[in-house]
Amino acid sequence: MTMTDHKPPAGAQPLEPRIPDPSAKWQKRWNDMALFKAPEFPQGRKYFVMPMLPYPSGDIHMGHFRNYSMTDAIARKRMMEGYDVLHPLGWDAFGLPAEQAAISRNLHPEEWTLGNIAQSKATLQKVGISFDWSREVASCLPDYYKWTQWMFLQLYKHGLAYRKESEVNWCGTCNTVLANEQAAGGVCWRCGNAVGRKTLTQWFFKITEYAARLLDDIDHLDNWPDNVRTLQRNWIGRSTGAEVEFRLPDGTKIPVFTTRPDTIYGVTFMAIAPDAPLLASLAIPDARRAAVDAFVTRTRGKLAVERMADEEKEGVDTGIVVINPVSGEQVPLWVASYVLSGYGTGCLMGVPAHDQRDFEFARKYGLPIRQVIRSANEATSESGMTVATEDYGTMINSGPFNDQVGQAGVDAVIAHLEKNCIGRAQIQYRLRDWLVSRQRYWGAPIPMIHCDGCGIVPVPESDLPVLLPKGHIDFLPKGRSPLADIPEYINVKCPKCNRPAQRDPDTMDTFLCSSWYFLRYIDPKNDQAPFDKKKAAAWLPIDYYMGGVEHATGHLIYFRFFTKFLKDIGWLTVDEPARILFNHGMVMDSTGQVMSKSKGNVVSPIDMMRLHGVDPTRVAMFFSSPGDKEVLWSETGVVGAERFIHRVDQFVRSAKAAIGGKFDPDARFDTAKLSAAERDIYRKLHQTILKVDRDFEVMQLNTHLSAVMELSGALGSGENLRPELRAVCAATMVKLLAPLTPHMSEEWWEILGFGPTIFRAKWPSVDEAALPTDSVTIAVQFNGKVRGQLTVPADADEKAVVAAVQSDAKLAAHLAGKSVVKTIHVPGRLLNIVVK
RNA sequence: GCGAAAGUGGCGGAAUUGGCAGACGCGCUGGACUUAGGAUCCAGUGGGGCAACCCAUGGGGGUUCAAAUCCCCCCUUUCGCACCA
């Protein structure tokens, strides 16, 4: 990896920006006046805005620049609106790339990480983002990860952290296990390689205990994008149904989950996952033993992607029979590749007539198919079926349940199960517990000790942090944590019995670090607690959280989970962390490729700034598309931005020259005393304020800018305006631009004679009296086609407008020889005359 | 396969949510001023037609006085989930 080169394109002359860039001057002043330093406690109205915690992979790129420029714009507008603003940034500083860098260039991960942080921070300061740097956090520093460990201990104390042996996602490239969310689609989220499986004993968080609340509370996240809410709902995946206890002839229970208890008479086989723990404990008849073992070995050896790619369902008969507790019938138990060990009980009842997967499996192995549901329009015989019928319908061939319909049938079977103690209504979630241990060095050590005598013993809170050992460490992956090979680290005394014991050698998933960092921003220096409860109560929730959709089913679920947990144990007063979530679009290169270091198409904001200045670059980016859509980055757009800024600059200077001395930038004018031209401008000015407010709040900064451009176009040179109005227009335009062009606006504000900073000036408000117009231009349609325009008094009614049409020769011609069927008048918009 | 979103000039994108499609900008064309232009300013710019007008928001149907917007079918693209019983 190389740090971004800041050299101009080959052959280009070193150029001065077209407009002098005042950014350094203002950055220094802001710093000197501590403009962005948030108070400990908000005094008045508060606004907590933040971007998602970035991983410091090198210097920042255009994507970061766009993202932070958006939170910057929000922070600055809120400052002008009088809020106490908290706008912090920190670093998701643990994680694999640092370790990879350590291996490939013999740098300690910490050195590499802190170097990247320093460089990124320097760049962000140069582009003038309004972060309160006094609250910066880095998750890899002991004063931060001490509290990450503390979080782990709280979860453990409350029974939400546990260890279990299971088959887990294993990335052979990264040499570590992965959480389900990080192995979506069977590939590793970081390196993109196929994920394998491995049986290991690992730490898990019982996020499933919060599944219901995480799902239900999505309904209250009104200001989150719908797609994120849908993604989360699907990811958590609630299914309602029943658990049914099938039994072996010897009485051993084989519980299964089903969403269709009404199909229980249609069960013709049972299927168990090859890796289901239950399978190992079953007595398989000798005759079948070898075949079953061979199948299990073969299936379990496959990578997750290979298994998913298998179109054919495969299986083998175990020779075991299972008794249907409702019908009393005996059916064979198969091991089947399509059964997932992690869902439900890892075992299912096969109902081929009414489940497509079971149907395909039954067809392949010649298992019987029995219809037990009759739905409205299907009457095919079992042998003629080509697909399963999964619709609800009337129960048939179902003994005492015959003729029950749909949900009533489901309920009747569940009632029967419960009455006879052979099952119960149940809800299943697709969400799995969160696997949090990682076999790597560069993460927060898991604060647990394994003692032969006492078992698992948590590190006492007073002993935190458990520090990562420094010095010479072999980072080369061996399939176990590098910490396992450091005796000075691993060997400790048991806190309980004081006898020799071992530390847990693993570190935590970095998603833990980022699950609570927003709380640390609130109280970053606290060495007694992760944060102060009163400060948290005052600042939370986050008012505006900005990040990419890619975190919809990972970080954003974990972070909601932590918030709910901390509320439950009395640390927080909110149970949702963020009020507004905004998904920014990506920055792509001009060919539509995502900018990424590995593709080598990263554009550095530094080059752009040097060439064009900070604010023109911001304008070009904001202008190119709305905030939630991607940007295809091209340098051509910046030309328009420069021209626009230049025009505003001219206007501001000439307006100041015309007025000479002091003026009130928020002055109101009596429209009756203005000339017609002035009244039009004054109206335009206030219409612009209205539009800008509306557009800004939905991050449509492209139309925010276009509104101000229109205003600027309408103003022209401004020579036809009285100096007071001309100056107010200049001041207002400068304010409306301030969130987007902070440095230029400060400069203009100073030119206009104000100070010390525009960000303590009042955001413009709309003068309602300026808005009404006395006449409007409306479209005139005949039979829905626009045939002309007409300027009429603003309050003209339909009759008056029709009369105006009749007296307009060109329009009246369309009426000649026709009869009017009807007219539709939309005041201020159009008149449609239907003629025949 | 399932689910979600989106398809508008040469390009980025507007359109108060059913009311003049193409705002604003880039690019392009012409002009002005210039020793010069990657500067600035002015004008033009969806397609067709001398015109009245006609055609245009992926394609095809429909609802409506009126559709980029609502409904149905199809095509394409992007994203998410991938046997969740």
Side-chain angles (χ1 to χ4, degrees), chain A residues 12-13 15 18 184-186 225-228 230-231 233-235 237-239 241 256-260 263 271 304-305 307-311 313 336-340 342-351 354-358 360-361 428-432 549-550 552-553 590 592 619-620 623-626 629-644 646-647 650 690-691 694-695 700 702-710 712-713 717 777-789 810 813 821-835:
Chain A
Q13 295 294 309
L15 291 169
R18 215 171 283 185
D226 282 339
N227 61 337
V228 171
T230 306
L231 284 169
R233 283 196 187 99
N234 295 343
W235 188 263
R238 173 156 52 201
S239 301
V256 300
F257 173 71
T258 178
T259 53
R260 295 297 300 274
T263 64
V305 263
R307 264 180 129 188
M308 284 188 286
D310 286 341
E311 307 240 321
K313 294 170 175 44
S337 63
Y338 74 99
V339 183
L340 302 171
Y343 188 74
T345 61
C347 188
L348 59 81
M349 58 184 220
V351 186
H354 306 293
D355 182 286
Q356 185 59 25
R357 297 153 303 183
D358 298 344
E360 287 165 20
F361 190 76
Q428 271 296 328
Y429 292 91
R430 187 183 166 281
L431 184 74
R432 309 291 153 85
V549 241
E550 66 273 18
T553 55
S590 49
V619 166
F623 188 64
S624 66
S625 79
K629 287 187 63 181
E630 68 200 26
V631 167
L632 293 186
W633 183 252
S634 80
E635 279 197 39
T636 54
V638 82
V639 176
E642 286 178 298
R643 287 211 263 259
F644 169 59
H646 184 252
R647 269 215 315 278
Q650 301 283 296
L690 199 64
K691 176 154 177 61
R694 214 172 39 218
D695 290 350
Q700 286 213 23
N702 54 337
T703 50
H704 172 143
L705 279 163
S706 83
V708 181
M709 287 173 176
E710 267 190 67
S712 160
S717 68
T777 301
I778 67 165
V780 179
Q781 299 183 334
F782 290 92
N783 294 338
K785 300 206 175 216
V786 180
R787 286 289 121 98
Q789 267 147 24
K810 192 171 162 256
V821 179
K822 76 198 253 194
T823 58
I824 295 103
H825 180 230
V826 183
R829 312 241 65 182
L830 60 70
L831 177 77
N832 186 12
I833 302 176
V834 184
V835 294

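Every chain is numbered from 1, with letters handed out A, B, ... down the list of sequences.
- Partners of K785(A) according to the side chain to side chain contact (heavy atoms under 4.5 Å, CB included) rule, which considers only residues two or more places apart in sequence or in another chain, are R787(A).
- Below 30°, between 30° and 60°, or above 60°: for Y343(A) and F257(A) the angle between ring planes is above 60°, a perpendicular geometry.
- Checking rA14(B), rG25(B), rC81(B) against every side-chain atom of P626(A), the shortest atom distance belongs to rA14(B).
- With rounding to the nearest 0.5 Å, the separation of CZ in R233(A) from CG in D226(A) is 8.0 Å.
- Partners of P827(A) by side chain to side chain contact (heavy atoms under 4.5 Å, CB included), not counting sequence neighbours, listed by chain and number: H825(A).
- Taking atom CG on L830(A) and atom C1' on rA15(B), their separation rounds to 14 Å, with Å as the unit.
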Measure all distances between protein nitrogen or oxygen atoms and nitrogen or oxygen atoms of nucleotides 1-10 of chain B, and list the pairs falling under 3.5 Å.
none

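- Comparing the C1' positions of rA15(B) and rU69(B) gives an interatomic distance of 10 Å, to the nearest angstrom.
- Where K629(A) and T259(A) each meet RNA chain B at their nearest nucleotide, the meeting point lying more 5' is that of K629(A).
- Atom-to-atom, CZ of R432(A) to C1' of rA82(B) comes out at 12 Å; the value is rounded to the nearest Å.
- Backbone-only engagement by L231(A) is indicated by non-hydrogen atom pairs under 4.0 Å involving sugar-phosphate atoms exclusively.
- Residue V826(A) is in base contact, counting any heavy-atom pair closer than 4.0 Å across all strands shown.
- Spacing between rG61(B) and rA6(B) at atom P, rounded to whole Å, works out to 24 Å.
- Look at the C1' atom in both rU8(B) and rC24(B): the space between them is 16 Å, to the nearest Å.
- Among the heavy atoms of the strands lying under 4.0 Å from Q789(A) is at least one base atom, whether or not backbone atoms are also near.
- The residue T777(A) sits close to a base: some heavy atom pair falls under 4.0 Å.
- Annotation: salt bridge (Lys or Arg N to Asp or Glu O under 4.0 Å) contacts of D355(A) (sequence neighbours excluded): R357(A).
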Check the interface with nucleotides 26-33 of chain B: list each N/O to N/O pair with the protein under 3.5 Å, or write none.
| unit_1 | atom_1 | unit_2 | atom_2 | d |
| --- | --- | --- | --- | --- |
| rC26(B) | OP1 | R643(A) | NE | 2.9 |
| rC26(B) | OP1 | R643(A) | NH2 | 2.8 |
| rG27(B) | OP2 | R643(A) | NH2 | 2.9 |

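- For rU34(B), the glycosidic angle deviates from 0 by more than 90°, giving an anti base.
- Every residue two or more places apart in sequence or in another chain that forms a side chain to side chain contact (heavy atoms under 4.5 Å, CB included) with L830(A) is listed here: A779(A), Q781(A), V826(A), N832(A).
- Regarding R430(A), its CZ atom lies at a distance of 10 Å from the P atom of rA85(B), rounded to whole Å.
- Across the C1' atoms, rG22(B) and rG44(B) are found 16 Å apart, a figure rounded to whole Å.
- The CD-C1' distance, from Q700(A) to rA14(B), rounds to 9 Å in whole Å.
- Taking syn as a glycosidic angle within 90° of 0, rG61(B) does not qualify and is anti.
- Remark: C1' of rU17(B) and NZ of K691(A) are 13 Å apart, rounded to the nearest angstrom.
- Atoms CG (D226(A)) and C1' (rC79(B)) sit 15 Å apart, rounded to a whole Å.
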TODO: Map every base of RNA chain B to its dot-bracket character, where paired means a Watson-Crick or G-U wobble contact with both distances under 3.5 Å and | marks a partner outside the strand.
DONE: (((((((..(((......[....)))((((((.......))))))(((....)))..(((((..]....))))))))))))....

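- Listed nucleotides: rG19(B), rG13(B), rC41(B). Nearest to the side chain of R647(A): rC41(B).
- In this structure, CD of Q650(A) is placed 15 Å from P of rA39(B), rounded to the nearest angstrom.
- S717(A) is linked by a side-chain hydrogen bond (donor to acceptor under 3.5 Å, both in side chains) to nothing, counting only residues two or more places apart in sequence or in another chain.
- What separates CD1 of I824(A) from C1' of rA66(B) is a distance of 7 Å, to the nearest Å.
- Not counting sequence neighbours, R694(A) has no partner by the salt bridge (Lys or Arg N to Asp or Glu O under 4.0 Å) test.
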Open item on the list: Across nucleotides 42-56 of chain B, 5' to 3', mark each nucleotide with B, S or - according to how protein heavy atoms within less than 4.0 Å reach it.
Closed with: -----------SS--

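- Residues satisfying the side chain to side chain contact (heavy atoms under 4.5 Å, CB included) test with R260(A), not counting sequence neighbours, are T258(A), D262(A), T263(A), I373(A), Y392(A).
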Protein-nucleic acid N or O pairs under 3.5 Å, nucleotides 21-23 of chain B:
| unit_1 | atom_1 | unit_2 | atom_2 | d |
| --- | --- | --- | --- | --- |
| rA23(B) | O2' | E710(A) | OE2 | 3.2 |

